[in-house]
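Below is one structure, written out as structure tokens; comments come after it.
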Number of protein chains: 2
Amino acid sequence: MKVAELSATSGATVATLKYYLREGLLHPGHATAVNQAEYDDTHVRRVRLIRALQELGKLGLADVALVLAAVDDESIELHAAFGLAQDVMVPNRHRDPDTFTAALADVDRFVLRHDFHLRPDAAVRLMMADAIVALQTFGGLKDSSAFDRMVESAKTQAAAELATVPDSAPRSQQMELSVVGTVVTEIAAAAVRRMALEDASWRRFGPGARPPAVCAPAACAP
Amino acid sequence: MKVAELSATSGATVATLKYYLREGLLHPGHATAVNQAEYDDTHVRRVRLIRALQELGKLGLADVALVLAAVDDESIELHAAFGLAQDVMVPNRHRDPDTFTAALADVDRFVLRHDFHLRPDAAVRLMMADAIVALQTFGGLKDSSAFDRMVESAKTQAAAELATVPDSAPRSQQMELSVVGTVVTEIAAAAVRRMALEDASWRRFGPGARPPAVCAPAACAP
DNA sequence: GATAGTAGAGAGTGACACTATCTGTTACGG
DNA sequence: CCGTAACAGATAGTGTCACTCTCTACTATC
């Protein structure tokens with residue numbers, strides 16, 4: 001297919017695709033002439049992966065490029081590449097050493113407690129420590145034990161999620177699926193959490209003096 | 001306290017604080033002279049809330065302002081304000097009507113199935129539909145039933161989370177806690193998910209020919 | 001009374017993700 | 001075979017965002 005068709009299929013404008021090509025986010029098409037190239041299914045999937053990481057995962061294009069590099073580098077083991085991709089998805093931010101170090105140590109105890117096999121410097125530890133510091137700051141939490149109850153279901157769900165990645169698929173597609181699954185299932189899980197939270201808020205604060213202006217969507221829709 | 005102390009306590013530079021004041025994100029201090037003002041604990045908490053929403057929640061300052069408006073508007077019921085704040089935290093993005101409508105209908109069935117009391121137009125529905133569309137695109141999913149298993153623990157955790165908001169606290173602090181709790185606990189939950197995922201990836205892909213270069217952090221650290 | 005800090009306001013900055021325009025070339029319908 | 005549209009590749013420009021800088025005028029403090 002030519003650029004116009006790739007644009008129509010993937011949803012990105014031609015100008016944007018050219019930009020991705022220039023930046024090396026998208027591999028060049030097969031050139032058939034000095035000003036003609038053919039694009040295929042791998043380009044479509046790549047563009048969609050970029051958009052998913054960017055819009056759903058809220059990654060900058062520089063970080064997207066790092067994830068893509070891990071996806072593409074055949075010399076890295078699948079598990080290691082997956083870890084690298086995950087690391088990129090943890091934002092870098094300023095961290096106050098005083099409060100942060102203690103939280104990180106707490107996270108490491110959490111990891112040990114639940115027998116998580118993580119790379120020793122896995123960035124996800126920082127992510128959890130950030131959350132703990134923030135919750136402590138607002139007085140809602142003492143330590144990581146509040147999250148112990150999440151572990152069991154998370155482990156079950158993670159195993160089920162990875163099981164959807166077919167053993168037979170080529171490595172690149174296994175990586176794509178793993179990475180996109182991490183990001184997107186995270187969104188879905190967050191959505192479920194928020195639904196439960198709004199539901200709980202309704203039960204806690206909602207039904208006041210007058211009947212609340214809330215209900216299940218289909219029961220309200222005309 | 002004066003601006004320099006507020007800066008030291010909150011972590012934002014004086015220039016940034018002035019910017020927040022100009023933009024109306026931060027309420028003015030109590031003026032004691034034409035060029036002097038006193039700031040207090042409410043300013044510190046507000047700045048921290050702004051930074052949490054911005055850095056952890058990845059909201060733009062315009063969206064932060066909307067959340068703050070919902071937090072501050074005493075004329076809105078707590079439950080409604082909480083819903084508004086949640087809506088802001090769902091990003092606006094281009095959605096292809098063809099695929100999206102079906103996914104949204106699926107989400108509404110999901111909501112009914114689990115008896116979630118949501119406002120009929122709650123934006124969290126769009127968020128979940130986005131995730132479903134993305135997963136369908138990458139061939140990993142057919143419908144929302146894959147998320148049914150998340151609901152029970154999400155409901156339990158949401159109730160527990162809201163229970164940490166004291167009944168006696170002033171409304172503004174109840175809102176702050178609810179909002180910051182939504183964002184930050186979401187990060188923590190995502191971190192737990194990712195740990196479980198990396199753990200599962202290790203079990204699935206990790207232990208290859210040679211012993212894997214992974215282990216629980218404390219067991220590896222010198 | 002010198003110095004440092006402050007309020008308020010406007011202009012400037014750098015990163016980011018495109019977007020527009022240009023040149024030269026090729027494909028294709030009539 | 002001709003006119004138009006589309007294409008590759010390259011450079012320059014755009015709009016947004018979240019600050020950051022600079023300036024004036026004034027105040028607190030040593």
Side-chain angles (χ1 to χ4, degrees), chain A residues 1-40 43-44 46-68 88 91-94, chain B residues 1-40 43-44 46-68 88 91-94:
Chain A
M1 72 182 75
K2 306 206 192 129
V3 132
E5 194 181 342
L6 177 59
S7 167
T9 312
S10 66
T13 67
V14 173
T16 301
L17 293 174
K18 284 187 170 192
Y19 171 66
Y20 289 168
L21 286 165
R22 258 199 318 272
E23 298 293 304
L25 287 149
L26 189 58
H27 48 292
H30 175 68
T32 59
V34 59
N35 70 331
Q36 302 280 292
E38 272 293 304
Y39 303 95
D40 57 29
H43 293 90
V44 176
R46 179 51 54 102
V47 174
R48 286 188 176 146
L49 179 56
I50 293 169
R51 302 303 269 209
L53 291 172
Q54 192 188 14
E55 298 181 10
L56 268 17
K58 295 194 177 177
L59 297 189
L61 288 190
D63 287 337
V64 171
L66 292 176
V67 174
L68 296 179
V88 171
N92 278 323
R93 48 193 301 269
H94 169 74
Chain B
M1 73 183 75
K2 304 205 194 134
V3 123
E5 194 181 342
L6 177 58
S7 167
T9 312
S10 66
T13 68
V14 172
T16 301
L17 292 174
K18 283 185 171 193
Y19 171 66
Y20 289 168
L21 285 164
R22 239 177 313 166
E23 298 294 302
L25 287 151
L26 189 59
H27 48 292
H30 176 69
T32 59
V34 59
N35 70 331
Q36 302 281 289
E38 272 293 305
Y39 303 94
D40 57 31
H43 294 90
V44 177
R46 178 51 55 101
V47 174
R48 287 187 175 148
L49 179 57
I50 292 169
R51 303 303 273 209
L53 290 172
Q54 192 188 13
E55 298 180 10
L56 298 173
K58 296 193 177 178
L59 296 189
L61 288 189
D63 287 337
V64 171
L66 291 176
V67 174
L68 296 180
V88 171
N92 278 322
R93 49 191 300 268
H94 169 73

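Source: prediction; values computed, not measured.
The separation between A:Leu21 atom CG and C:dC18 atom C1' is 14 Å, rounded to whole Å. Whole-Å rounding puts the B:Arg22 CZ to C:dG12 C1' distance at 12 Å. When the P atom of D:dA5 is taken as reference, atom NZ of A:Lys2 falls 15 Å away, rounded to whole Å. Rounded to an integer number of Å, the gap from B:His43 NE2 to C:dA7 P is 10 Å. Nucleotide D:dT20 holds its P atom 11 Å from the CG atom of B:Leu17, rounded to whole Å. Look at CD on A:Glu55: it is 12 Å from C1' on C:dA17, rounded to the nearest Å. Here D:dA10 presents its P atom at 12 Å from CD of A:Glu23, a figure rounded to the nearest Å. In this structure, A:Asn35 places its CG atom 12 Å from P of C:dC28, rounding to the nearest Å.
Within the structure, every side-chain polar atom (N or O) of B:Tyr20 is placed at least 4.0 Å from both OP1 and OP2 of D:dT20. B:Thr13 has no side-chain polar atom (N or O) that falls below the 4.0 Å cut-off from OP1 or OP2 of D:dC19. Within the 4.0 Å cut-off from OP1 or OP2 of C:dA20, not a single side-chain nitrogen or oxygen of A:Tyr19 is found. Between B:Thr16 and D:dA18, a side-chain N or O to OP1/OP2 separation shorter than 4.0 Å is absent.
Taking only distance into account, the side chain of A:Lys18 meets the base of D:dA8 through a donor-acceptor pair shorter than 3.5 Å.
A:Ser7 places no side-chain N or O within donor-acceptor distance of the main-chain N or O of A:Val3, the cut-off being under 3.5 Å. Listed for the B:His43 side chain is a donor-acceptor partner under 3.5 Å among the backbone atoms of B:His27. Side chain of B:Ser10 to backbone of B:Val47: no donor-acceptor contact under 3.5 angstrom is found.
In terms of position along DNA chain C, the nucleotide closest to B:Ala4 lies nearer the 5' end than the nucleotide closest to the other residue of the pair B:Ala4 and A:Gln36. Heavy-atom distances to DNA chain D give each of B:Thr32 and B:Leu59 a nearest nucleotide, and the one nearer the 5′ end belongs to B:Leu59.
No contact: A:Ala31 has no heavy atom under 4.0 Å from any strand. Residue contacts for B:Gln54: at a heavy-atom cut-off of 4.0 Å it reaches the sugar-phosphate backbone alone, with no base atom in range. Counting any heavy atom pair closer than 4.0 Å across all strands shown, B:Ala15 reaches a base atom.
Taking CZ of B:Arg48 as the reference point, atom OG1 of B:Thr9 lies at 7.0 Å (rounded to 0.5 Å). Taking CG from A:Leu53 and CG from A:Asp63, the interatomic distance works out to 10.0 Å, rounded to the nearest 0.5 Å.
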